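Here is the structure we will look at.
Not measured: the values here are computed from a predicted model. Convention: sequence-line order gives letters A, B, ...; per-chain numbering from 1.
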Protein chains: 2
Amino acid sequence: MTDQTMTPAEQRTEAAAAASAALDHDLAETEIAEVVKNAQDAADFLKILSHEGRLMILCHLVDGEKSVAELEKLLAVRQPTVSQMLARLRLEGVVETRRDGKAIYYSLADDRARQLIEIIYDMFCRTDK
Amino acid sequence: MTDQTMTPAEQRTEAAAAASAALDHDLAETEIAEVVKNAQDAADFLKILSHEGRLMILCHLVDGEKSVAELEKLLAVRQPTVSQMLARLRLEGVVETRRDGKAIYYSLADDRARQLIEIIYDMFCRTDK
DNA sequence: TTTATATATATGATTTTTGGAATATAAGCG
DNA sequence: CGCTTATATTCCAAAAATCATATATATAAA
């Protein structure tokens, strides 16, 4: 279908044009770029949740803040592993921290995450019983 | 916190026991295993969605079935790439196919996916405007 | 200030995921 | 039958994610 002699950039441009044509109201390049960006953002966000350990952490945080030590026990994994998962969640802005003495308490900082987690919890932890 | 002289298996057992204790109603090993399994299932499912291309495909399929060629144009990627993404979705049971002559039409086959996709679409493609 | 506890980070090995290129199959057409 | 179009699959290299181990930092307590 697509001419194999074109460069990848040319092919993408052509394909994008084809996509525009397909959506009869003729999207501009910038609009296509925005759709792609939305998809990227959404996919990146889902990637954060698509990990057993991180997902369990987030599920627990729905019930309220937890210290690293508490999460370590709840998940049955070692401390550096919990901290690594928390670091990722922190960098992505999904959780935030509060210090109390030696302990650091983590809580949810993103409503999208809270919403999705609750839905996923219902889907996978209630329905299937 | 956890004794570094134990084997990983021992540590996991101990940590699991600690987790049980933490949840005052004393979960059995099998119950813990089930929670972990739920988390794994959910994470695996989210992994399928957490990919820009697959996500875009699923978004388009929410509007109704599409042939491979249509998706190729909508996504602006090459045919083998579309087929690879579709193969993954097919193997995971998220989409199903119907043949019509030379064309193969794909459609959503999983209500969980449909539900999540719609929510994600609202979150990332409507809200932020 | 030394020591213990709670948490974080760095490093590196291993595994998974990804995406391109080539090739294969399957259906329709002349 | 050969030819074309639509789709699928295989193979492989590169990139990314994961995980364990070791080490660092920060707070508190003695």
Side-chain angles (χ1 to χ4, degrees), chain A residues 1-12 15 18 39-40 43-44 46-57 65-92 95-106, chain B residues 1-12 15 18 39-40 43-44 46-57 65-92 95-106:
Chain A
M1 166 116 272
T2 304
D3 182 348
Q4 298 300 326
T5 67
M6 292 188 294
T7 66
E10 286 170 337
Q11 289 194 358
R12 185 161 187 94
Q40 262 174 11
D44 287 347
L46 288 170
K47 241 167 231 150
I48 302 167
L49 308 188
S50 65
H51 177 280
E52 183 195 324
R54 292 195 295 266
L55 193 57
M56 290 188 72
I57 287 177
E65 64 173 16
K66 299 271 181 299
S67 71
V68 177
E70 286 170 331
L71 291 171
E72 184 187 344
K73 288 180 185 172
L74 288 169
L75 299 199
V77 300
R78 301 186 189 194
Q79 178 270 316
T81 303
V82 179
S83 277
Q84 275 181 72
M85 299 190 289
L86 289 169
R88 171 81 187 271
L89 295 173
R90 213 187 322 120
L91 292 177
E92 305 281 1
V95 299
E96 59 191 5
T97 59
R98 173 180 78 82
R99 172 153 230 146
D100 179 12
K102 277 176 285 184
I104 293 187
Y105 288 87
Y106 279 80
Chain B
M1 166 114 272
T2 303
D3 183 347
Q4 298 300 328
T5 67
M6 291 188 294
T7 67
E10 287 170 337
Q11 290 194 358
R12 185 161 186 94
Q40 262 174 8
D44 288 346
L46 289 170
K47 241 168 229 149
I48 303 166
L49 309 188
S50 66
H51 176 278
E52 183 196 323
R54 293 193 296 265
L55 193 57
M56 290 187 74
I57 287 177
E65 65 174 15
K66 300 269 179 301
S67 71
V68 177
E70 286 171 332
L71 290 171
E72 185 187 344
K73 288 179 185 172
L74 287 168
L75 298 199
V77 300
R78 303 185 188 196
Q79 179 269 318
T81 304
V82 178
S83 277
Q84 274 182 77
M85 297 190 290
L86 288 170
R88 171 79 187 273
L89 294 173
R90 212 186 325 119
L91 291 177
E92 304 282 359
V95 300
E96 59 192 4
T97 60
R98 173 179 77 82
R99 171 155 231 144
D100 179 12
K102 278 176 285 185
I104 293 187
Y105 288 87
Y106 279 80

Between [N] ([atom2]) and [X] ([atom1]): distance, integer Å:
X: B:L89; N: D:dT9; atom1: CG; atom2: C1'; result: 16 Å
X: A:E52; N: D:dC19; atom1: CD; atom2: C1'; result: 13 Å
X: A:E92; N: D:dA16; atom1: CD; atom2: C1'; result: 14 Å
X: A:Q79; N: D:dT21; atom1: CD; atom2: C1'; result: 12 Å
X: A:L91; N: D:dA17; atom1: CG; atom2: P; result: 13 Å

- Task: Can you spot which of B:L71, B:V95, B:L86 makes a side chain to side chain contact (heavy atoms under 4.5 Å, CB included) with B:K66?
- Result: B:L71
- Report the residues that fulfil side chain to side chain contact (heavy atoms under 4.5 Å, CB included) with A:L46, sequence neighbours left out, ordered by chain and then residue number. A:L116, B:L46, B:L49, B:S50, B:L55, B:I120
- Query: With A:R98, which residues qualify under side chain to side chain contact (heavy atoms under 4.5 Å, CB included), at least two apart?
  - Reply: A:E65, A:D100, A:Y105
- Item | Contacts of type salt bridge (charged side-chain N to carboxylate O under 4.0 Å, His left out), residue A:K47, not counting sequence neighbours | A:D44
- For C:dT9, does either OP1 or OP2 sit under 4.0 Å from a side-chain N or O belonging to A:R90? yes
- Query: Closer than 4.0 Å, any side-chain N/O of B:Y106 to the OP1 or OP2 of D:dA6?
  - Reply: no
- Message: Minimum heavy-atom separation for B:A39 and A:E52, please, with both atom names.
- Response: CB-CG, 3.9 Å
- Looking only at heavy atoms, what is the nearest atom pair of A:E72 and A:V82, with distance? CA-CG2, 3.8 Å
- Message: Are A:R54 and A:L89 packed together at the side-chain level, in the sense that at least one heavy-atom pair is separated by less than 4.5 angstrom?
- Response: yes
- Note on the structure: side-chain hydrogen bond (donor to acceptor under 3.5 Å, both in side chains) filter on A:E96, not counting sequence neighbours, yields none
- Report the residues that fulfil side-chain hydrogen bond (donor to acceptor under 3.5 Å, both in side chains) with A:Q79, sequence neighbours left out, ordered by chain and then residue number. A:S83
- Task: Assign a letter to each nucleotide of nucleotides 15-20 of chain C from its 5' end: B, base within under 4.0 Å of a protein heavy atom; S, sugar-phosphate only; -, no contact.
- Result: ---SBB
- Base, backbone or nothing for each nucleotide of nucleotides 24-30 of chain D, written B, S, -, heavy atoms under 4.0 angstrom, 5' to 3'? --SBS--
- If you look at every strand shown and take non-hydrogen atoms under 4.0 Å, does B:Y105 touch a base, only sugar-phosphate, or nothing? nothing
- Provide the full list of salt bridge (charged side-chain N to carboxylate O under 4.0 Å, His left out) pairs with a residue in residues 80-92 of chain B, sequence neighbours left out, each pair given once. B:R88-B:E92
- Between the two end axes of the helix from C:dT1-D:dA30 to C:dG30-D:dC1, each built from 5 base pairs, what angle do you get to the nearest 10°? 10°
- Spacing of B:M56 atom CE and B:H51 atom NE2 [to the nearest 0.5 Å]: 11.5 Å
